[in-house]
**Q** 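A single structure is presented below for examination.
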Amino acid sequence: MRLAHPGHLADWRTRLREEAPAFERTIVVTAGTCGRASGAMPLIEALRSEIDGQGFIGRIGLLITGCHGYCEAEPSLVVQPEGYFYGRLKPSDAAEIVAAAGTRGRFVERLGYKRKPGARPVRRLADLPFYRKQHRRLTEAHLGLDPERIEDYVLRGGYGALAKALFEMTASAVIEAVEASGLRGRGGAGFPTGFKWRIVRNAAGHPKHVVGNADEGDPGAYMDRGLLEGNPHAILEGMIIGAYAVGASEGCLYVRAEYPLAVANIRRAVDQARDCGLLGENILGSEFHFDVRVAQGAGAFVSGEETALIASIEGRRPHPRPRPPYPSESGLGGRPTVINNVETWANIAPIIDRGPDWFASVGAKRSRGTKIFSLVGRVRRTGLVEVPMGVSLRDIIEDIGGGALPGHTLKAVQTGGPSGGCLPAASLDVKVDYEDLARAGSIMGSGGLIVLDDRACMVDVARYFVGFAAEESCGKCAPCRIGTRRLRDMLDRIVAGLAEPADLDRLESLARTVQAASLCGLGRTAVNPVLSTLRYFCAEYKAHIEDRSCPAGVCRDLLSYAIDPGLCTGCGLCRKACPAGAITGRPRSPHAVSGERCVKCGACADACPPDVKAVRIGRAADGSPGPRRGRRRP
Amino acid sequence: MKAVIDGRVFEAPGKTTILEAARRLGLDIPTLCDHPRLEPAASCRMCLVEISGRRDPVPACATVLEDGMHVATDTPALRELRRGVLEMILAEHPSACLVCADRNACREPKEGIRKTVEPTGCVLCPKDGRCRLQDTAAAVGLERIVFPEAPRSAEPRRDDPLIDRDGGLCILCGLCVRVCRDLRGASVLTFVGRGGRTTVGTALDLTLLESGCLFCGACVDVCPTGALLERAARHVRPDERKPLLCALCGEGCLLQAEFDRGRLLGTRPAPGPANRGQACVKGRFLVADILGHPSRLTGPLARRDGTLVPVSWPDALTAAAAGLRSSDGPFEAVGSAQDSCEDLWALHELGREGFASGRFSIAEPPSPLEVIRKAAGVEAGEGWPDVPNAGLAAMKTILVFDEDLPVTAPILGLEVHQAVQQGARLIVFGPGESCLDRCAKVRVRAGLESAAEFLLEILAGLARTAAGPGHPGRAELGPAARMKPEESSRAERAVFKEKASRAAVILEKRKPAAFIFGPRFAAGTQGRRNAAALWNLARLTGAVLIPVAWEANARGAQALFGGGGKNGCEGAPLPAAGSLLLAGDGPPPPCREGAFIVVAAAYESGALEAADVVLPRTLFAEQDGTWVNREGRIQRMRAAVPAPGEARPLWRMAVDLARAIGSGGPSASAAGEILAGIEKERPSFAGASRAWPDEKPVFLSATAVSRTGFASVPEAGECSAAEEGSRDPDDVHGLRAGAVLKSLRAVRRR
Ligand SMILES: Cc1cc2nc3c(=O)[nH]c(=O)nc-3n(C[C@H](O)[C@H](O)[C@H](O)COP(=O)(O)O)c2cc1C
Ligand code: SF4
Ligand code: SF4
Ligand code: SF4
């Protein structure tokens, strides 16, 4: 099917609509990477054979989609048109669901989502607390289309924006629309997208390139994966429109190699688009030629940095280079290149389709539209959430995420991944807005939100992120390569109880040097977790250094384990659990921990029955932090 | 463009980086990773400067100065930042050499001993005292070591010829990786690993030799630390440096010779006009070995009772003069295209004026330049449009015929690589492998006997597409192309044709083009056919021709005498000589039985067997002289290295012999006088006495080539196979350096 005229697209859509099978009910199963990992595939098999076995072929349809965001509840499904939601399913639940769907769309109470054990289940997806406060512009479509079928995308109006751009708008009108929408880059820095395009459009050099950045190396973030798996054509359409706007003829999608499903989906989408005449020569019969290739990432966090990404696509080691020149003047092959995050690209078609005003109708003052976050960590509901810019972190964490886990309190939220900072629970009212987050000492980043509760030691958290940067530093420039390692060494000493008070100043000044002197964003922002924890959780650092104690009870070298003889029943469970043989005691008489042998693994505390709780975790004796397992080296 | 740096106004047209501008103002910004011929990497972060109005400091090396900018290069904040970065660098690098309180006290007694000890950063470091990191630490004013030393563990590697590597001393400035890849085109060194485990190494951790290293030494010279080091120059501290012109090939590289108490330690490339800081394995590592080879002759010898015995200079000259005077029959003086212009001219004068029936010739076969001039019918008196190295950058297509440029013309090789990096298309023709292969757009693997076929095939292809009024017909271009049918299958012919047509398309679309060819291409009768076909293609496409000769002064000899070879000499052909002065190292011309032979030689060799008198001669670095390099650049040089024993320059021998014989001939007391004579008689040498490095660059003055027609290409049948030359590009005045020197043998054998 080759579309050689914009009219062909509309005809095709009409035909698809007419030919669409008229199912009474459609069971929509999410099968992104997260769904598959939780067992979506066996569930799908079971559903398929039940539909067949119970004789519902032709009456109940099965739609396999990408991730809807509520990863916590995977594997899950939605029965349409009612929108009934069932989560955490097993293949054995399939029979009941199919039977219920077949009988006038009954709801299976047993499998419904319950807020509390024993409460009445919430029936509809839209009523789930996880979805209720979201504003799902980009991710909503994931519910209604099979990412493997271009037909589903076209049926929902896909590529209409492209036709509109190509035949009703000039290239500069497209750029004006994007500028007017106020869209800013979703890859981290929040650079105004329309402005970037204008620079590329005006830059000399040919052929120009557009690049979709889906390297997404932040630990705990997977917004881009969700988009690529759930709706690849939306990204592609955005890139084609962008290419038209800046006058590019070649495109490249750089996808993290660790995302096999995303790579497969986007590859298939590119092939389909090419077969349909939406890529290649004379797109939709216009004068515009453009094609896209898919490149796989080089497996390093830094290859998401735009100049490193260019080097990687060109087949070189992903080393960032100094800017200027910016890629918009000299990018791939030295030609002007637009690099945008795939979420940025996914926003383009809706802006063209529905207009910049529609896009700008939600959001904060200088940050318009919606943003997808991946909400993970110690929170009740995790997953991908899409909210208007300008809502507060509290809205996201408490309303959508359901707040801290039972029995715990929220302590901090880490935004922006390893380049971001940790904000304390007291700052949860800060708005998600590029400038507000930066002012608070963190960044929007690409949208990772990691929630930490009272069990997290902030020094340890900083140490984790700096360690990540030290591992992922490309090694090119000295401050980042060496400075991050030295920071990590200093934090190692702090958590081991070996630091002295002056180390805090040294830590901060080293962090500032790394920040000021590093070549690329990786080094410049790698210190954010350190600086932000120093700013908000200085007391915790001081506790480690001055009292040699870890208030959260995480840093093992600063802990001591003891058994309260008054509580111990002498059951011996802890003695059996201790891997170091540090616990002695005769049955039914109080046991004791030998400080010499204890390796502070905490197995005894876990083993002690909850109704006894005789293991006391305390501060290691001052000055003698106890035996350690050798020096920790990065 | 006008800007202010540290309160001083800088004005210049065009683009300069802040670093360049600051240096021109005499401001000293510390750097560890910049190089004048490499794109800035901005990785050492030492050159950070502040620009008013910008929040973050920027690297001066990678930031272009803009009109109206206010730059500060030395504020307290910057000093603090630089010190901080240097402290970090020193966390990865041994630092005892900087901070140990006893470092000056213990330097003297320890020098020279325990050379095998691993460097700990104190005076045992093999680069102590010559280290850019030490200099930078001093410039930055580093006084303390803050971080515990955590060197990257890397085993020192000594398994290569000439170069030692010790990753423990590396500061990852990346200069070596960049110079090897971007300038030398070898891509041997690369970064391995990431984060704190990053090191510089080779792919798969092979040795340099196995990785295709050219042993050009460029990486050693850029390394600021002792991580890459010439094995022969560990722990040395030169006390004297002198410029030296390398005459081991036709490139004319300027080197810097380093001495310790008068002893030549080694040479390293200097920023000469031809080589701009680069050299090759011979110039970088082997000059001292070649000059000081044990087979050097240090005193004159004369044959007494059938054996050669040492004699004094006066005795040797008397014996030689007597022998030459008394021998009946014609006299012939034979020089070499490796000799300086003065040497050749003096020999030539001796032959021309010292003897009634004397003549002069050059031992080597005609140079490629001479062959193509002959083929094209360019008059002997005409000049030749030489192509300077800088001209390569403008080329859009480059065609190379079986010349392993990194060996025979290393500087040209790297200029070709630079041009290719800037988008030139490369076509390589030849039977052997070449390190240029990997960047070639078209690679034709065929013997040079098919070179003319290939060229004619291209010509035919171009003639088909470009035919029009004024376009030459088939007949003018040469006989129809054909590969020898008995040697090639149909499929091979098809591939050959296909490659020729691809080359034709490139040549047609991408102009200007340069054609590079050498002695193998031009050798024998086959060479005339090749040269004629190449000339025609150059005429048709407007390409420039770059002949590469292997001898240091081939271009000069050609300009002086219209080329080398027996045919290039002046005077009528003579019957076999009755007496001979042999200074060239080719095979001696046929002699009559009982002819008297004087050999002027630098090394012991088979040529001495027939000699009646042997005179020890000096080599390039040991005498004043003038050489003309491939570009036609006239370069004068003064003696830099003491001559071994009693060796004398060739020109002086010719003068002394003429005086001893008592006939006409050269007379001069300094090389400069001879050069003045050349200038008078050879207009193309106009201005040579003022030639660089004395005053300014002087090139052979070229008159335009008047012949612009097409050459007639002989039929393939007329050609015999190229005579297999026994020459080797690494021969130096009879010393087979490529076989005799162990390290060079290892490098070349690979
Ligand atoms: C260390 C580092 C990693 C980055 N990783 C990503 C990434 O994975 N995905 C991404 O879109 N942008 C990433 N960026 C940002 C890009 O350099 C670039 O700013 C972005 O792709 C531009 O797109 P946008 O304008 O749409 O945000 C990274 C930047 C740095 C410094
Ligand atoms: S800041 Fe880090 S990642 Fe960026 S160039 Fe420097 S070493 Fe590489
Ligand atoms: S000697 Fe030359 S070719 Fe070899 S590694 Fe060094 S720069 Fe590269
Ligand atoms: S080996 Fe030398 S030149 Fe190469 S990166 Fe290390 S310090 Fe720099």
Side-chain angles (χ1 to χ4, degrees), chain A residues 298-303 307-308 316-325 330 333-334 466-490 492-493 503 506 509-524 526 631 633-634, chain B residues 17 32-33 39-48 50 55-64 66 77-78 80-93 146-148 150-152 170-174 177-178 181 187 190-200 421-423:
Chain A
F301 176 53
V302 75
S303 38
T307 57
R316 288 178 286 123
R317 192 181 151 91
H319 263 181
R321 61 156 174 77
R323 299 173 307 176
S330 172
V466 157
F468 176 84
E471 284 296 307
E472 293 292 335
S473 160
C474 79
K476 177 171 176 172
C477 74
C480 164
R481 177 184 75 240
I482 308 168
T484 51
R485 265 203 304 165
R486 296 284 80 87
L487 283 171
R488 156 113 197 209
D489 279 0
M490 287 181 165
D492 274 348
R493 289 176 61 79
D503 281 350
R506 289 194 198 122
S509 95
L510 176 58
R512 299 247 175 249
T513 306
V514 172
Q515 183 176 48
S518 288
L519 192 161
C520 84
L522 194 154
R524 288 173 173 272
R631 269 184 78 183
R633 281 239 151 248
Chain B
T17 63
L32 284 168
C33 73
E39 290 287 308
S43 66
C44 76
R45 317 306 286 171
M46 294 302 296
C47 70
L48 293 173
E50 287 168 3
R55 197 184 42 154
D56 295 322
V58 299
C61 63
T63 310
V64 175
E66 285 164 26
L78 285 175
E80 197 46 49
L81 207 54
R82 282 182 198 144
R83 197 170 310 136
V85 174
L86 196 61
E87 282 166 1
M88 286 187 223
I89 291 177
L90 285 169
E92 277 190 348
H93 185 97
V146 205
F147 302 110
R152 270 166 308 165
C170 171
I171 57 167
L172 290 175
C173 69
V177 174
R178 286 152 61 212
R181 180 190 60 208
S187 293
T190 175
F191 289 109
V192 181
R194 68 168 179 230
R197 285 183 303 276
T198 316
T199 53
V200 164
Q421 277 195 321
Q422 283 162 27

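Chain letters run A, B, ... following the sequence lines, proteins first, then strands; residues in each count from 1. What you are looking at is a predicted structure, and each value in this text was computed from that prediction instead of being measured.
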**Q** Would you say CD of B/Gln421 has more than 12 non-hydrogen atoms from neighbouring residues, nucleotides or ligands within 6.0 angstrom?
**A**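 For B/Gln421, atom CD is crowded (more than 12 foreign heavy atoms under 6.0 Å).
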**Q** Tell me, please, which residues at least two apart from A/Phe468 pass ring-ring contact (aromatic ring centres under 6.0 Å, His included).
**A**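 Applying ring-ring contact (aromatic ring centres under 6.0 Å, His included) to A/Phe468 gives A/Phe301.
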**Q** Is A/Pro324 close to chain B through its backbone or its side chain, or both, or neither, when contacts mean heavy atoms under 4.5 Å?
**A** backbone
**Q** Could you report the tightest heavy-atom contact between A/Cys474 and B/Thr198, atom names first, then the distance?
**A**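 Where A/Cys474 meets B/Thr198 most closely, the heavy atoms are O-OG1, 3.8 Å.
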**Q** When only pairs under 4.5 Å are counted, which of A/Ile482, A/Thr484, A/Thr513 shares the most heavy-atom pairs with chain B?
**A**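 Highest number of pairs under 4.5 Å: A/Ile482.
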**Q** Between A/Glu471 and B/Arg194, is the closest basic N to carboxylate O distance under 4.0 Å?
**A**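 Between A/Glu471 and B/Arg194 there is no salt bridge, as every charged N stays at least 4.0 Å from the carboxylate O atoms.
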**Q** For B/Ser43 and A/Lys476, which heavy atoms make the closest approach, and how far apart are they?
**A** CB-O, 3.3 Å
**Q** Which atom names give the shortest non-hydrogen contact between A/Leu519 and B/Ala42, and what distance separates them?
**A** CD1-O, 3.1 Å
**Q** Using non-hydrogen atoms only, which part of B/Val192 is less than 4.5 Å away from chain A: side chain, backbone, both, or neither?
**A**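 The backbone, not the side chain.
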**Q** Quick check on B/Leu48 against chain A: is it the side chain, the backbone, both or neither that has a heavy atom closer than 4.5 Å?
**A**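 Side chain only.
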**Q** Under a 4.5 Å heavy-atom cut-off, does chain A meet the side chain of B/Ile171, its backbone, both or neither?
**A**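 Backbone of B/Ile171 only, per the 4.5 Å heavy-atom cut-off to chain A.
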**Q** Shortest non-hydrogen contact from B/Phe147 to A/Met490?
**A**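 Here B/Phe147 and A/Met490 meet closest at CE2-CE, 4.3 Å.
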**Q** By salt bridge (charged side-chain N to carboxylate O under 4.0 Å, His left out), which residues pair with B/Glu92, not counting sequence neighbours?
**A**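 Salt bridge (charged side-chain N to carboxylate O under 4.0 Å, His left out) list for B/Glu92, sorted by chain: A/Arg481, A/Arg485, B/Arg152.
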**Q** Looking at A/Gly475 and B/Leu172, what are the two nearest heavy atoms and their distance?
**A** O-CD1, 4.1 Å
